[in-house]
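Within every chain, numbering begins at 1; the chains are lettered A, B, ... in the order of the sequence lines, protein sequences first and strands thereafter.
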Number of protein chains: 2
Amino acid sequence: MQHLPVTPEEPASAAGVDTPAFSPLYQQIKALILRSLQAGEWKPGEAIPSETELAGRFRVSQGTVRKAIDELAAENLLVRRQGKGTFVATHSERQVEYRFLRLKPDEGDLDSEGPAQRSILDCRRARATGDVARGLGLRPGDPVIQVRRVLSFKGVPTILEDLWLPGVAFKGLTADALASYPGPTYALFEEEFGVRMVRAEERIRAVAADPSQAELLGIAPGSPLLSVERTAYTYGDRPMELRRGLYRTDTHHYFNELQ
Amino acid sequence: MQHLPVTPEEPASAAGVDTPAFSPLYQQIKALILRSLQAGEWKPGEAIPSETELAGRFRVSQGTVRKAIDELAAENLLVRRQGKGTFVATHSERQVEYRFLRLKPDEGDLDSEGPAQRSILDCRRARATGDVARGLGLRPGDPVIQVRRVLSFKGVPTILEDLWLPGVAFKGLTADALASYPGPTYALFEEEFGVRMVRAEERIRAVAADPSQAELLGIAPGSPLLSVERTAYTYGDRPMELRRGLYRTDTHHYFNELQ
DNA sequence: GAGTGGTCTAGACCACGCG
DNA sequence: GCGTGGTCTAGACCACTCA
């Protein structure tokens, strides 16, 4: 195993850096950068130190730092901008505003539809049920915040969504904040609660709308809807949000690229 | 722009290599490798020449070849195997057998369910309608091959699929071949027709089963189904297959990772 | 012009697979 | 033991951004 000369006499693993043994140097550097991101040393939108500076700090060559940053950029945790620097990724940037939303209009694109109109139906403190606790890595009965909202495009209600958030991390979240925040919800989470979502998983099914769902979406009861269950993760693969969306697919579709 | 010293007196673009001007050397190398893949110089499953050999052939450093191969490997066109070489990706490998199938059982995984049972209901020559022609880059009336089949897991019919293929490229495809081929359908396409699918797009909607669809899947008419419209592309982003699948999602779900 | 990321090179050594 | 890909380094130069 290569040693990280931060503490030259000891291997990295003995110096409190818990990367797996025998991992390449650049993976160790990547883990160190990740740790700084997680610790909030650099905030979303800010520049991290230059490659040269990091190379000096870690006592490795610039090429090694480069490879570490390459991987973090590929995972959308960092964004490189030639001539300017490398920045901590954020959900506030215009071009990634709907990074996790795969619903596209059948004609045109989301941009041409303008921003979604959010109508917050409910936002309240509750206790985690077994399912929610399991999904969020909590214990049943732990506090959660539960949100119900409808998203409309061009005035047409299209998505009915329920959100479950860990109560501790999101203490103080209100319907007002959700309704009035100008950017994406995940940007609000970053800014107000320091919780940055880095990846998500979705499980998709076709279901029939029940009467109350149908009324909220303005469709006939029994209409087929896409059920999209999302788990969103922050740094370290910790689940921080469960979401269940019901999508109308008469004017929109869920778009997925396979490679 | 860097020059490719294949014809040392001329820039690469003048030497018949139609890469965009001012592209980095490794992008030009990538385009050359891609061209060889497309031309069938190396077949799926075969090893391509070593990095050192390619570096010699193209008169660039090994690191430059490396970066080109890195990108092709990231796009799943090549597969690196340390100590052995770099191989042309294929749909025949066990670990990627269901590379484009995102349907997972609610419990367990696809492997534990064993291979899908394929029942070919229909396989016939036809003429492209406007929609199909548009999707496949053909003209209306051009010959196509149309396939209808049902996939069952553990004996339960789960997917009803219609396929449209360009008639010229897939001349001679029969229901028998589709039913008896032991591997994935895309492996059959590779092996028998030299058509390798490299990426695909899916558009997903929720629909209600009509009576004939319901009967084929053994469910009640009107049941919600996932409609998955896929366009599969071969090298050079040429569409080579349209597919419309109806997925039961009472025991399975469509799984998607967002990052 | 100074500073940043992006490309390219050349050479050394490591890890793996296989005969 | 040889050949493969994988890592690491050091240094040169390019392209972009901004003051």
Could you give the [atom1]-to-[atom2] distance, from [X] to [N], as a whole number of Å?
X        : N       : atom1 : atom2 : result
Leu25(B) : dG6(C)  : CG    : C1'   : 13 Å
Arg80(A) : dC16(D) : CZ    : P     : 16 Å
Leu78(B) : dG5(D)  : CG    : C1'   : 13 Å
Gln82(B) : dT4(D)  : CD    : P     : 13 Å
Tyr26(B) : dT9(C)  : OH    : C1'   : 16 Å
Gln27(A) : dC8(D)  : CD    : C1'   : 14 Å
Arg81(A) : dA15(D) : CZ    : C1'   : 17 Å
Asp70(B) : dC8(C)  : CG    : P     : 13 Å

Does this structure show an ion pair linking Arg199(B) with Glu201(B), if we count only N-O contacts that are shorter than 4.0 Å?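 A salt bridge links Arg199(B) with Glu201(B).
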NA contact type, Thr52(A), heavy-atom cut-off 4.0 Å: base, sugar-phosphate, or nothing? nothing
So, does Thr86(B) get its side chain near the phosphate of dT4(D), meaning an N or O under 4.0 Å from OP1 or OP2? no
Does Thr64(A) make a side-chain N or O approach to OP1 or OP2 of dT9(D) shorter than 4.0 Å?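 Answer yes for this pair, as a side-chain N or O of Thr64(A) is under 4.0 Å from OP1 or OP2.
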Of all the choices, [options], which nucleotide is nearest to the side chain of [X] once you look at every atom?
X        : options                 : result
Lys84(A) : dC18(D), dC8(D), dG5(C) : dC18(D)
Glu51(B) : dG5(D), dT9(D), dG5(C)  : dG5(D)
Ser50(B) : dG6(C), dT4(D), dC8(C)  : dT4(D)

Validation row, ring centre His253(A) to ring centre Tyr247(A) under 6.0 Å: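 No - the distance between ring centres of His253(A) and Tyr247(A) does not fall below the 6.0 Å cut-off.
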Could you check whether His91(B) and Phe100(B) have their ring centres less than 6.0 Å apart? yes
Geometric cation-pi criterion Arg81(A) and Phe87(A), 6.0 Å radius, 45° cone: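 Yes; both conditions hold, so Arg81(A) lies above the ring face of Phe87(A).
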Assign each of Arg66(B) and Gly83(B) the nucleotide of DNA chain D bearing its closest heavy atom; nearer the 5' end lies the nucleotide of Gly83(B)
Using a distance-only test with no angle check, is there a side-chain donor-acceptor pair under 3.5 angstrom linking Tyr254(A) and Glu202(A)? yes
